[in-house]
Amino acid sequence: MAEMIGKREKEAMIRVKNAVLCILLSWSFMFGNVMDGTVSLQAETTVLVTRTGSRYHAAKCGNGTYYKDTESAARARGLTPCQKCFGSGYRSTGTSGSTSAGSAAASSGTQNKKPIAISEDSMLMLKGDHRKLSVKNTSGTVTWSSSNKSTVSVSNGTVTAKKKGRAVITVSADGQKKSCKVTVEDPQISKTRLNMKIEEQMQLKIKGCNHEAVWKSSSEDTVYAGERGIVTAVAPGTAVITASVHGRKYTCKVTSELPEIHKLQVLNPSDSINRNSVLELEFITDNDSVFDYEDIAAVSSDDTTVSVSSAAGNRILLQAHDRAGTAEITASIGGAEISFTVTVSDEPLEDDESSMG
């Protein structure tokens with residue numbers, strides 16, 4: 001009898017063990033394995049997310065509008081689990097396998113980290129200029145360098161243009177790099193002083209610069225400045241030509257002079273004149289435009305015999321007085337000079353001729 005009771009107890013215990021084992025296998029299939037205080041989900045999990053949030057939740061957690069999404073999709077967008085909802089030891093098993101809370105946080109940090117940004121990606125500078133560059137989205141050590149230190153130097157983001165040329169400024173921070181291309185120009189005017197003759201043209205240029213300058217004359221009636229730096233002497237005098245580029249001004253002082261005259265002669269020569277009469281003489285030169293800007297000048301060696309009554313343009317009037325004799329007349333203009341002798345005869349001018357004069 002005792003043996004039968006013992007056999008039945010053993011069979012009952014076996015049935016209980018099998019039942020417990022079935023329950024454990026069922027839980028394992030439905031919920032996964034409980035190991036080391038972490039949970040691995042085998043089935044896809046539905047979570048709640050917001051449009052702008054950086055975390056996903058098991059339930060509504062704070063203000064905002066929540067939308068349903070799968071956990072794998074939320075993680076693919078770089079979202080991390082809310083510690084209030086899932087706990088700090090939570091690990092998820094999705095399409096990519098199990099991920100511990102620590103490694104998930106590290107991955108999230110890398111995905112959410114913004115790239116560094118430099119304030120300028122290109123700059124045009126003039127020699128001697130200083131510009132400040134800045135970098136954003138970094139809290140670590142920042143290092144600056146120049147690809148051409150003799151042209152452009154950089155110190156703590158301050159860029160100095162040293163000479164005409166090009167260089168690339170590079171900033172390094174948090175394992176990332178950004179660069180700024182720098183072009184340096186050194187504008188200089190080709191002439192600071194010019195002496196020109198009237199109607200002469202010359203060209204001024206801005207060297208060391210690839211940009212067009214704006215040209216202006218302080219007196220266009222004296223010296224005219226064209227668009228491309230072509231200057232024209234218009235009248236005697238002085239003018240200042242100014243070229244403006246990149247907000248700076250460069251000047252040239254221009255003196256406009258009369259053209260040089262190499263030859264002066266009398267168009268209607270006459271070497272004699274009666275007493276008390278008038279003689280008009282006309283002059284020509286190898287550049288008659290000189291008379292547009294200057295009158296001919298004339299003097300007599302003996303005003304009591306023959307005097308110069310007027311001189312204008314290219315003509316002079318000589319007045320013979322009431323005495324015979326000779327006088328030397330000297331005429332000049334533009335550096336050219338001519339002298340000739342006029343003789344006053346003893347015969348007086350008749351009344352009718354005098355009245356005509």
Side-chain angles (χ1 to χ4, degrees), residues 36-39 45 47-67 69-162 165-184:
D36 301 328
T38 62
V39 179
T45 303
V47 295
L48 296 180
V49 298
T50 62
R51 294 190 183 278
T52 59
S54 62
R55 302 181 184 279
Y56 61 86
H57 308 268
K60 289 187 177 181
C61 184
N63 298 326
T65 303
Y66 289 82
Y67 303 89
D69 201 351
T70 63
E71 184 182 23
S72 59
R75 296 184 70 83
R77 289 166 48 196
L79 304 185
T80 58
C82 173
Q83 292 187 4
K84 291 182 181 180
C85 296
F86 295 96
S88 60
Y90 175 75
R91 65 168 61 186
S92 169
T93 302
T95 56
S96 59
S98 300
T99 305
S100 67
S103 61
S107 174
S108 172
T110 302
Q111 292 174 353
N112 292 337
K113 188 174 183 179
K114 294 182 179 180
I116 64 172
I118 194 169
S119 55
E120 302 281 350
D121 56 13
S122 65
M123 292 194 303
L124 174 64
M125 301 179 66
L126 301 184
K127 180 183 176 181
D129 279 354
H130 303 276
R131 295 273 292 275
K132 179 71 174 178
L133 289 174
S134 59
V135 62
K136 297 179 180 179
N137 303 332
T138 180
S139 58
T141 302
V142 176
T143 304
W144 298 87
S145 63
S146 170
S147 64
N148 189 348
K149 294 180 180 180
S150 62
T151 300
V152 180
S153 63
V154 60
S155 177
N156 295 325
T158 299
V159 181
T160 302
K162 302 175 74 174
R166 299 175 185 272
V168 176
I169 302 301
T170 301
V171 58
S172 303
D174 297 341
Q176 303 178 62
K177 292 184 178 181
K178 288 291 181 179
S179 61
C180 173
K181 296 179 180 179
V182 181
T183 300
V184 180

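Worth knowing before you read on, the calculation uses all heavy atoms, side chains too, and leaves out hydrogens, waters and symmetry mates.
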In Å and rounded to the nearest 0.5 Å, what is the [atom1] to [atom2] distance from [X] to [Y]?
X      : Y      : atom1 : atom2 : value
Gln83  : Arg55  : CD    : CZ    : 6.0 Å
Asn156 : Thr143 : CG    : OG1   : 10.0 Å
Cys85  : Lys60  : SG    : NZ    : 13.0 Å
Ser153 : Ile169 : OG    : CD1   : 7.5 Å
Thr160 : Lys149 : OG1   : NZ    : 13.5 Å

*What are the two closest heavy atoms between Ala74 and Val49, and how far apart are they?*
CB-CG1, 4.1 Å

_For Thr50 against Thr65, the heavy-atom pair lying closest together_ = CG2-O, 3.4 Å

*Mind checking whether Tyr56 and Pro81 have side chains closer than 4.5 Å, heavy atoms only?*
yes

*Beyond-backbone contact of Leu133 with Val154, side-chain heavy atoms, under 4.5 angstrom*: no

With a 3.5 Å cut-off and sequence neighbours excluded, list the donor-acceptor pairs that the side chains of residues 174-183 form with protein atoms.
| from | atom 1 | to | atom 2 | distance (Å) |
| --- | --- | --- | --- | --- |
| Asp174 | OD2 | Thr138 | OG1 | 2.8 |
| Gln176 | OE1 | Ile116 | N | 3.2 |
| Thr183 | OG1 | Arg166 | NH1 | 3.1 |

*asked:* Give me each pair satisfying salt bridge (charged side-chain N to carboxylate O under 4.0 Å, His left out) with a member in residues 124-134, each pair once, sequence neighbours excluded.
replied: Asp129-Arg248

*asked:* According to side-chain contact (heavy atoms from CB on, under 4.5 Å), who are the partners of Ser150, at least two apart in sequence or on a separate chain?
replied: Asn148, Lys163

